[in-house]
Amino acid sequence: MTALEPRPGPRTERLALPGVLSPEQVLRTVEGIAAVQRADGAIPWFRGHHLDPWDHIESAMALDAAGEHERATAAYRWLARHQNPDGSWYAAYPDTPDGVAATEPTDRGRESNFCAYVAVGAWHHYLSTGDDTFLDQIWPTVFAAIEFVLGLQQSGGQIGWRHRADGTVDPDALLTGSSSVYQALRCALAIAEHREEPQPDWELSAGLLGHAIRHHPERFLDKHRYSMDWYYPVLGGAVTGAAAKERIEEGWDRFVVPGLGVRCVSPNPWVTGGESCELALALWVMGESDRAVDILRWIQPTLRAEDGMYWTGYVFEDDAVWPEERTTWTAGSLLLAVASLGGDEATTAVFGGERLPRGLDSDCCAQGMSDGS
């Protein structure tokens with residue numbers, strides 16, 4: 001695929017955010033992601049590194065938000081071509097030069113949230129383009145992926161996090177991963193509803209999963225030091241309203257470094273672009289756009305590189321970027337955050353969630369769980 005022409009247009013104007021990004025800066029970031037995308041549609045972390053399905057999709061969604069729909073379509077076609085017969089994808093694939101056939105995956109594990117996220121990307125792409133042909137073509141891919149993921153759901157509603165490379169199942173559940181799956185299930189239900197193909201089993205699964213996220217932290221591995229476990233139940237749409245505000249306020253001082261961004265792990269002196277942008281998205285979901293803009297503004301001096309891409313993180317005690325890599329998914333998370341703040345309809349729909357189905361009533365569903373409610 002060819003590089004973008006450096007001409008700002010309506011989409012880059014829309015993604016511009018005063019105090020954060022100018023239209024020219026938006027375009028530089030979009031160009032940076034496009035330059036990494038391979039001719040076959042794959043979007044690795046950066047050239048020479050691996051790609052994983054979740055971050056590949058996040059980058060594709062950023063391209064759609066920027067109006068680069070052909071590039072996003074190519075990314076989803078790559079996913080459809082590489083889906084395993086059971087509906088899954090492997091956790092990591094090697095980068096290869098353009099025109100060179102892909103080699104064996106570098107991680108043959110199959111992670112539930114990696115596989116489910118195609119539903120979020122597919123619905124976002126459809127809302128961005130109105131392309132019913134695309135939705136018809138991607139539906140079997142989404143359907144198979146969701147069926148694979150729900151095969152990992154435990155009796156308490158939580159989603160086991162992976163099939164190991166040896167074929168055995170790891171039933172332990174991650175709160176962040178399950179929260180991402182919850183968002184994906186709702187997007188999958190939206191696609192099914194649009195196609196007039198009801199999926200009552202998915203509705204039940206979404207209700208059970210939402211209940212577990214809101215009310216049963218003991219069903220998930222303890223990762224409380226990770227900021228993603230703090231904000232992802234809000235970002236994924238399971239925790240809303242007053243409970244969302246209470247959750248974010250409780251962890252604010254532990255994870256947010258004023259003027260710099262969001263720690264990946266507490267108390268480590270390392271703020272990361274992906275976590276900062278995702279927290280900004282979660283704040284937008286809660287209606288706190290001012291604080292979201294603050295977070296995005298803070299990371300620009302330390303994490304934005306000259307080429308428009310973003311360093312993964314910044315160790316503030318050492319005044320050093322680390323690791324020294326500029327990742328497509330970090331840039332993608334930034335573009336999705338500014339797209340939501342700017343009112344991009346497709347992006348606000350998949351993250352705001354007002355028009356996404358919620359599944360069956362979670363409290364009613366919980367009464368039927370074998371291990372109690």
Side-chain angles (χ1 to χ4, degrees), residues 58 113 116-117 120 124 156-159 173-187 189-190 206-258 261-264 266 272 274-296 298 333 336-344 347-363 365-366 373:
E58 183 172 47
N113 65 306
Y117 208 58
V120 181
H124 181 262
Q158 70 276 25
I159 305 292
L174 301 174
L175 181 58
T176 294
S178 286
S179 297
S180 178
V181 170
Y182 180 75
Q183 181 191 17
L185 271 175
R186 296 179 67 199
C187 288
L189 286 168
L208 291 171
L209 177 57
H211 179 88
I213 293 168
R214 286 187 290 274
H215 301 297
H216 291 282
E218 75 281 0
R219 293 177 183 162
F220 301 92
L221 293 176
D222 183 3
K223 301 286 185 179
H224 71 276
R225 294 179 58 232
Y226 291 81
S227 61
M228 294 180 78
D229 262 28
W230 163 54
Y231 63 75
Y232 235 97
V234 177
L235 179 58
V239 176
T240 60
K245 291 183 182 294
E246 180 180 351
R247 184 180 187 91
I248 294 302
E249 293 306 322
E250 183 276 330
W252 188 268
D253 291 339
R254 186 164 70 253
F255 291 113
V256 175
V257 183
V262 178
R263 298 178 196 263
C264 179
S266 177
T272 49
E275 278 77 358
S276 296
C277 295
E278 287 181 340
L279 176 61
L281 261 172
L283 290 167
W284 170 81
V285 168
M286 294 165 50
E288 297 194 14
S289 295
D290 289 346
R291 284 210 286 184
V293 172
D294 284 343
I295 297 286
L296 298 180
W298 292 345
S333 67
L336 291 173
V338 297
S340 290
L341 286 160
D344 178 70
T347 309
T348 58
V350 298
F351 288 105
E354 293 87 354
R355 291 180 288 168
L356 292 179
R358 299 198 70 87
L360 296 183
D361 182 83
S362 57
D363 291 332
C365 292
S373 59

Quick check: does any side chain N or O of [X] sit under 3.5 Å from a backbone N or O of [Y], one acting as donor and the other as acceptor?
{"X": "Arg219", "Y": "Gln158", "result": "no"}
{"X": "Arg358", "Y": "Gly353", "result": "no"}
{"X": "Ser276", "Y": "Val262", "result": "yes"}

* To do: Using the side-chain contact (heavy atoms from CB on, under 4.5 Å) rule, take Arg263 and Glu275 through it: C-alpha gap first, then chi angles, then the decisive distance, then the call.
  => CA-CA 7 Å; Arg263 298 178 196 263; Glu275 278 77 358; over 6 Å; no

* Does any pair with a residue in residues 227-247 pass salt bridge (charged side-chain N to carboxylate O under 4.0 Å, His left out), and if so which ones, sequence neighbours excluded? -> Lys245-Glu288

Identify the heavy atoms of [X] and [Y] that sit nearest to each other, and give their distance.
{"X": "Val120", "Y": "Ala184", "result": "CG2-CA, 3.5 Å"}
{"X": "His215", "Y": "Glu218", "result": "O-OE1, 4.4 Å"}
{"X": "Ala339", "Y": "Thr347", "result": "CB-OG1, 3.8 Å"}

Between atom [atom1] of [X] and atom [atom2] of [Y], what is the distance when rounded to the nearest 0.5 Å?
{"X": "Leu283", "Y": "Leu235", "atom1": "CG", "atom2": "CG", "value": "10.0 Å"}
{"X": "Phe255", "Y": "Cys264", "atom1": "CZ", "atom2": "SG", "value": "9.5 Å"}
{"X": "Ser333", "Y": "Leu279", "atom1": "OG", "atom2": "CG", "value": "11.5 Å"}
{"X": "Tyr226", "Y": "His224", "atom1": "OH", "atom2": "NE2", "value": "10.5 Å"}
{"X": "Phe351", "Y": "Asp344", "atom1": "CZ", "atom2": "CG", "value": "10.5 Å"}
{"X": "Thr348", "Y": "His124", "atom1": "OG1", "atom2": "NE2", "value": "8.5 Å"}

A side-chain contact here means heavy atoms from C-beta on lying under 4.5 Å apart; do [X] and [Y] qualify?
{"X": "Arg214", "Y": "Pro233", "result": "no"}
{"X": "Cys277", "Y": "Leu336", "result": "no"}
{"X": "Leu174", "Y": "Lys223", "result": "yes"}
{"X": "Leu175", "Y": "Ile213", "result": "yes"}
{"X": "Trp284", "Y": "Val338", "result": "no"}
{"X": "Tyr231", "Y": "Met286", "result": "no"}
{"X": "Val256", "Y": "Trp230", "result": "yes"}
{"X": "Asn113", "Y": "Thr176", "result": "no"}

* Asked: Under the salt bridge (Lys or Arg N to Asp or Glu O under 4.0 Å) test, which residues partner Glu354, sequence neighbours left out?
  -> none

* **Arg355 CZ: over 12 foreign heavy atoms closer than 6.0 Å** => no

* Verdict with reasoning, Trp298 to Ile295, per side-chain contact (heavy atoms from CB on, under 4.5 Å) -> CA-CA 5 Å; Trp298 292 345; Ile295 297 286; 3.5 Å; yes

